[in-house]
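Every value quoted in this text rests on a predicted model; they were computed, and no experiment measured them. Position 1 is the first residue of the sequence, and the numbers go up from there.
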Amino acid sequence: MELIEYLSQNQQRIFDELFSMIAIPSVSAKSEHKPDMLKCAERWKELLQQLGMDRVEVMPTEGNPVVFAEKRVGEALPTVLIYGHYDVMPVEPLELWNTSPFEAEIKDGRIWARGADDDKGQSFMHAKAVEFLLSENKLPCNVKFILEGEEEIGSGSLEAFCQANKELLKADVILVSDTSMLGADMPSITTGLRGLAYWQVEVTGPCRDLHSGIFGGAVANPINELCKLIASMTDDQGRITVPGFYDDVEEVSADERAAMAQIPFDEEAYKRSLNIKEVQGEKGYSTLERTGIRPTFDVCGIWGGYTGEGAKTVLPSKAYAKLSCRLVPHQDHVQIGLLVKKHLESMAPKSIAIEVTPIHGGDSYVCPVDMPWYKAAEAGYTKAFGKKPLPVRRGGSIPVIATFEKVLGIKTVLMGFGLESNAIHSPNENFPVDLYFKGITAIVEFYNQIGTVVK
């Protein structure tokens, strides 16, 4: 049976299975969803067992469990390890959703739900590609799955799991769909991911909230001081002011920058899609360079004082912020974390106390475009989209990819099919139905190419 016929005949079942997993609110950032993490892992186990995998287990870690599955075809054949994550981001603010986030709907040619893209939807493509190949007895290699429940909070337990299970996870390549393309008609393969460092900052002033009329002007306001500290972290050229921050930054060659400049990019359309009048960032770099090959500093959240309805003239005792840096090759997230912590502490005036707490982080990753496995992926996109995909470094971070290379010594190919318009991490996350099936087509062709390009 041809793939297109198989997908057509099984479309309703495929979506029913995907939606059953989406319905489980596996939000790793919230402790109240701890039981849902195990429930989602068990649902993955059921679905993988139905594929006909030889072995499927839900394995404990120090945090949320890992789902491992394996299909052995032949000892002399190569092994592909498929990685994905079943945890999702929080859905707040709920009032901005047009649908119920955990009740998937197909509307206007898109699946609307939290996890439709990131990463339940994209991971599920791999299960369906393997399902088809097994149904036709055409799987040309051994396949393993590893599905974790902590990616959205930094994959804190996965490195220890990998260290303890090196033999179990042994493979020739890792295949991941957790990234995006340049456009629905502009297929691309992510060849680089930035690293990440993330902190929470707590600033304390007086021992209690104070009347801003009686004490204002005489006692430091923690929110004011925190804003000053944050503002000092970048200069008017868009560069980060932390001493030593750029010491290990990879300076991309003129040839690669020239190649990036050839990537089709409509900056006016980009601005319109975001409803902004101007782009902004480090001077001397294009938008694609700023988001792909340069490090950044951002405030991901800030709060303190009175934020309810009406007025309350209060000088708050505390202020908080969540800060992050995206990092590029050769920047170590632990070292950067120490540099930022030291800098903020040294800049804080004596009128306040500051506490900088690292939350999570991970290093960057670069995929060689001359690797045979990359060539197989390239052929897969060409089959599905009718045109050769562009190699692109993207700005996102998947910390575990660098961990895989460090601990397991395996390179990863990032076969992502998302779009910027899919609104991952935001209200109204979605995924186009046609891209869902094109993604499965590309993955199946990846396997079909193994005998040709992988020797």
Can you find a side-chain donor-acceptor pair between [X] and [Y] that sits under 3.5 Å?
{"X": "S177", "Y": "H126", "value": "yes"}
{"X": "S157", "Y": "E150", "value": "yes"}
{"X": "H85", "Y": "D118", "value": "yes"}
{"X": "Q237", "Y": "K283", "value": "no"}

**Q.** salt bridge (Lys or Arg N to Asp or Glu O under 4.0 Å) contacts in which one or both residues fall within residues 329-344, not counting sequence neighbours
**A.**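 Only K341-E345 qualify under salt bridge (Lys or Arg N to Asp or Glu O under 4.0 Å).
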
Any salt bridge between [X] and [Y], counting N to O under 4.0 Å?
{"X": "R290", "Y": "E282", "value": "no"}
{"X": "E378", "Y": "K383", "value": "no"}
{"X": "K39", "Y": "E42", "value": "no"}
{"X": "R294", "Y": "E289", "value": "no"}
{"X": "E256", "Y": "R393", "value": "yes"}
{"X": "K411", "Y": "E405", "value": "yes"}
{"X": "R110", "Y": "E429", "value": "no"}

Partner residues of [X] under the side chain to side chain contact (heavy atoms under 4.5 Å, CB included) criterion, sequence neighbours left out:
{"X": "V314", "value": "D209, Y306, K312"}
{"X": "P206", "value": "L210, V219, P222, L315"}
{"X": "S351", "value": "A220, P349"}
{"X": "L339", "value": "V242, Q335, I336"}

Side chain of [X], backbone of [Y]: donor and acceptor closer than 3.5 Å?
{"X": "H33", "Y": "D36", "result": "no"}
{"X": "K375", "Y": "Q449", "result": "no"}
{"X": "S28", "Y": "D87", "result": "no"}
{"X": "T179", "Y": "G416", "result": "yes"}
{"X": "T441", "Y": "A384", "result": "no"}
{"X": "T61", "Y": "G63", "result": "yes"}
{"X": "T357", "Y": "V201", "result": "no"}
{"X": "K170", "Y": "L408", "result": "no"}
{"X": "D298", "Y": "C325", "result": "no"}

Pairs of donor and acceptor atoms involving the side chains of residues 268-275, under 3.5 Å and at least two apart or interchain, shall be tabulated with distances.
residue : atom : partner : partner atom : Å
E268    : OE2  : K271    : NZ           : 3.0
S273    : OG   : Y270    : O            : 2.7

Q) Would E148 and S155 count as a side-chain hydrogen bond (donor to acceptor under 3.5 Å, both in side chains) if you check the C-alpha gap in whole Å, the side-chain angles of each, and the deciding distance to 0.1 Å? A) CA-CA 8 Å; E148 66 149 327; S155 300; 2.6 Å; yes

Q: Please assess D117 against Q122 for the test side-chain hydrogen bond (donor to acceptor under 3.5 Å, both in side chains), listing each intermediate value before the final yes or no.
A: CA-CA 6 Å; D117 177 326; Q122 291 216 56; 2.9 Å; yes

Test salt bridge (Lys or Arg N to Asp or Glu O under 4.0 Å) applied to [X] - qualifying residues, sequence neighbours left out:
{"X": "K318", "value": "E202"}
{"X": "R394", "value": "E420"}
{"X": "K120", "value": "none"}

(Q) Could you walk me through whether V67 and E57 satisfy the side chain to side chain contact (heavy atoms under 4.5 Å, CB included) test, starting with their C-alpha distance in whole Å, then the side-chain angles of each, then the deciding distance to 0.1 Å, before giving a yes or no? (A) CA-CA 6 Å; V67 184; E57 292 184 44; over 6 Å; no

With a 4.5 Å heavy-atom cut-off, do [X] and [Y] have their side chains touching?
{"X": "L323", "Y": "C300", "value": "no"}
{"X": "L196", "Y": "L327", "value": "no"}
{"X": "P368", "Y": "T191", "value": "no"}
{"X": "F68", "Y": "N165", "value": "no"}
{"X": "M347", "Y": "E225", "value": "no"}

Among pairs that include at least one residue of [range], which meet ring-ring contact (aromatic ring centres under 6.0 Å, His included), considering only residues two or more places apart or in two chains?
{"range": "residues 168-189", "answer": "none"}
{"range": "residues 332-368", "answer": "Y198-H360"}
{"range": "residues 395-441", "answer": "F15-Y436, F15-F437, Y83-F404, Y381-F417"}

Q. Is the ring centre of Y320 less than 6.0 Å from the ring centre of W303?
A.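 Ring centres of W303 and Y320 closer than 6.0 Å.
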
(Q) Less than 6.0 angstrom from the centroid, inside 45 degrees of the normal: does R239 satisfy that with respect to the ring of Y246? (A)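 Satisfied, under 6.0 Å and within 45°.
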
Q) Which pair of non-hydrogen atoms, one from S180 and one from T190, has the smallest distance, and what is that distance? A)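 Closest pair (atom of S180, atom of T190, distance): O-OG1, 3.7 Å.
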
Q) Stepwise, does the side chain to side chain contact (heavy atoms under 4.5 Å, CB included) test hold for I398 with V400? A) CA-CA 6 Å; I398 309 176; V400 72; 3.9 Å; yes

